[in-house]
Amino acid sequence: MNKISTKLATYFFLVVLIMDIFLMFYLHRNIINSKVDEELSTLLANGANHRDVLMEHYSDVTIKHIVLMERDANREVIITDQQGAILGKSDINVTHIEQLNPILTGLHTEEDKILVSNWRDSPYIVSAHPYKVNTGQSGYVIMFFSTAAINGMVEDLTMHFGIAGVTSFIVLFIVYAVLSNVITRPLIRMKEATEKLSEGDFHVRLTVNSKDELGELAGSIQKLANDLERLKSERNEFLASISHELSTPLTYLIGYSKVVSRGDLTEQERVQYLEIIVEESNRMKELVKNLLELARMDENSFTVKKAFFAACPFFEDIHKLVEPSFSLKNIKLRLHCEGEYQLFADALRLEQIVINLLDNALNYSDEQSEVILHVSQNEEKTIISVKDSGIGIPAKEIDFIFEKLYRVEKSRSRAFGGSGIGLSVVKELVEAHGGTIEVKSKHGEGSTFTITI
Ligand code: ADP
């Protein structure tokens with residue numbers, strides 16, 4: 001019995017069966033008891049009735065009438081005098097009277113009384129009703145009710161209960177079989193699905209028909225399979241992009257290294273090629289650094305260590321640091337930061353975020369344009385925006401720019417350099433601070449990246 005469905009169905013089966021048996025016994029007993037009680041009350045009422053008639057019209061004729069009235073029924077009657085002699089009796093069996101003799105002869109009661117109530121062992125249940133008439137005559141009207149009738153009813157009842165018991169057992173068994181099957185089938189399908197998943201096959205299709213816990217479980221497994229499938233294809237795409245990204249600078253490095261090692265180069269050419277080699281090596285170093293950063297973020301092994309620091313001096317330092325690169329390209333970098341508020345963030349990480357955004361602004365802006373770094377505070381939050389009037393991002397691409405290795409129009413990006421990792425790092429860092437990042441951009445008119453932390 002290893003299947004959970006079989007266990008569940010068996011428990012259900014046993015509980016219902018025990019309840020069924022208990023109920024049947026209880027009902028069986030109660031029905032019989034109330035039937036016996038009813039017969040006893042009727043017997044007492046009839047006996048009292050005969051006694052009243054006898055006391056009002058005491059005569060042989062009345063005695064005959066009483067005997068006659070009980071002749072055909074399940075009841076019998078005996079009328080005795082004070083010495084216990086029988087004045088009249090219905091068709092009651094003589095041997096029964098002899099059996100009852102010890103009770104009848106020693107009878108001494110002033111009230112109506114049940115003499116024999118044991119319907120299982122005695123042929124009759126018996127009641128006695130004392131009478132006394134003015135003439136001094138007294139005695140008993142003794143009523144008998146044949147227990148054969150009760151025993152017959154008990155037999156009938158037992159048979160009906162037996163049929164009901166067997167029927168309910170069969171029905172229960174069918175319910176048990178259906179139930180265990182209904183629970184088993186989806187469970188088996190889910191088990192097969194999870195086995196497939198563990199073997200690396202994520203093409204799992206579980207149909208979710210029910211809204212119960214089993215349906216929810218099937219839904220969760222299906223979602224897990226879909227997520228794993230998506231992750232697998234994302235990983236493949238990611239690996240393909242990385243290989244591509246790494247192979248481009250490597251090709252340059254190998255090519256130019258070969259050229260530099262040739263003896264027929266002028267000094268000027270050699271310096272020029274060496275510069276290209278240094279540039280490409282740096283690009284690769286930057287790419288690998290970013291990749292490592294991303295990997296650490298995915299593993300959740302990196303933590304943000306927040307502290308309070310003055311906001312504007314922090315941004316002024318960044319401005320000083322990057323301004324020369326902007327000047328080189330004839331782009332004006334302006335900083336708007338007013339007030340003396342404090343920032344609660346990881347200064348190193350925040351610097352990385354802002355420099356990344358400024359780098360992009362610089363990369364994707366034309367000469368003579370302007371980039372604005374704007375910092376303000378709103379309630380508890382700090383809002384940092386980097387606005388450029390550069391080439392902008394096409395509307396259809398805007399949703400994807402935060403994805404790893406995503407670059408708008410690859411050819412364009414290649415012309416500008418970049419690897420498509422910067423913004424995904426920025427997004428992860430902002431989220432690690434519990435903040436959000438938004439972008440508004442118009443193709444050809446510029447972009448604004450806004451961070452709220
Ligand atoms: P990259 O290293 O290629 O710049 P990012 O992840 O930083 O990678 O950016 C992803 C893509 O988003 C870039 O390829 C670029 O096309 C676009 N992008 C990012 N910032 C800007 C910007 N300020 N203006 C125009 N395009 C941008």
Side-chain angles (χ1 to χ4, degrees), residues 234 237-238 240-249 252 279-298 318-319 322-323 325-326 329-335 349-374 383-432 435-451:
E234 263 180 20
E237 272 173 34
F238 187 64
S241 308
I242 287 179
S243 327
H244 181 257
E245 288 308 318
L246 288 173
S247 68
T248 316
Y252 281 113
E279 209 176 286
E280 286 303 315
S281 306
N282 279 335
R283 208 160 84 79
M284 251 181 88
K285 190 177 139 208
E286 198 60 24
L287 178 66
V288 171
K289 194 181 103 193
N290 278 334
L291 281 173
L292 284 175
E293 195 96 317
L294 264 188
R296 281 174 62 204
M297 284 178 197
D298 277 354
I318 295 182
H319 183 265
V322 297
E323 215 275 329
S325 330
F326 281 76
K329 209 177 160 187
N330 258 333
I331 297 175
K332 178 114 196 88
L333 172 64
R334 295 220 323 242
L335 167 68
R349 298 297 182 185
L350 188 59
E351 185 180 304
Q352 195 181 351
I353 294 171
V354 178
I355 289 183
N356 247 310
L357 292 181
L358 288 174
D359 254 6
N360 279 349
L362 174 65
N363 261 342
Y364 302 109
S365 290
D366 298 326
E367 289 195 6
Q368 309 296 341
S369 65
E370 190 178 63
V371 172
I372 302 168
L373 170 60
H374 192 277
I383 301 155
I384 305 159
S385 68
V386 175
K387 182 175 188 303
D388 65 58
S389 24
I391 59 171
I393 304 160
K396 64 176 170 33
E397 313 255 10
I398 219 156
D399 287 340
F400 308 106
I401 57 168
F402 293 106
E403 284 179 12
K404 288 169 202 156
L405 296 175
Y406 190 85
R407 297 191 312 187
V408 176
E409 294 165 21
K410 308 254 176 312
S411 57
R412 167 183 109 162
S413 290
R414 200 149 292 137
F416 287 96
S419 60
I421 290 185
L423 283 181
S424 53
V425 172
V426 165
K427 187 163 186 268
E428 298 265 1
L429 287 174
V430 169
E431 282 172 359
T436 54
I437 180 160
E438 277 173 28
V439 56
K440 284 206 176 88
S441 184
K442 221 165 184 193
H443 200 195
E445 288 182 22
S447 322
T448 307
F449 286 81
T450 309
I451 293 165

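Heavy-atom basis, side chains included; hydrogens, waters and symmetry copies ignored. Every number for a ligand or one of its atoms is a count from 1 in the order of the listing.
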Ligand-residue contact atoms, ligand 1 with [X], heavy atoms, under 4.0 Å:
X	value
Ile401	10 (C), 12 (O)
Phe449	20 (N), 23 (N)
Gly422	5 (P), 6 (O), 7 (O)
Ser447	22 (C), 24 (N), 25 (C)
Ile393	25 (C), 26 (N), 27 (C)

Check against side-chain hydrogen bond (donor to acceptor under 3.5 Å, both in side chains), Thr450 and Ser385 = CA-CA 4 Å; Thr450 309; Ser385 68; 5.0 Å; no
For residues [X] and [Y], report the shortest heavy-atom separation together with the two atoms involved.
X	Y	value
Leu358	Phe326	O-CZ, 3.4 Å
Leu350	Ile384	CD1-CD1, 4.1 Å
Phe402	Leu423	CD2-O, 3.7 Å

key: Within-shell test, Phe402 vs ligand 1, heavy atom, strictly < 4.0 Å   =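 The answer is no, since Phe402 has no heavy atom less than 4.0 Å from ligand 1.
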inquiry  = If the test is salt bridge (charged side-chain N to carboxylate O under 4.0 Å, His left out), which one of Lys332, Arg334, Lys387 qualifies with Glu370?
reply    =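 Passing option: Arg334.
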query = Within the structure, does Ser424 bring an N/O atom to less than 3.5 angstrom of an N/O atom in ligand 1?
reply =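 No, there is no polar N/O contact under 3.5 Å.
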request  = Look at the side chain of Ser365 and the backbone N and O of Asp388, then say whether any donor-acceptor pair between them is shorter than 3.5 Å.
outcome  =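 The answer is no, because no donor-acceptor pair under 3.5 Å joins these two groups.
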task = Using a 4.0 Å heavy-atom threshold (strictly under), name the region of Asp388 that reaches ligand 1: side chain, backbone, both or neither.
result =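 It is the side chain that gets close, since no backbone atom is under 4.0 Å.
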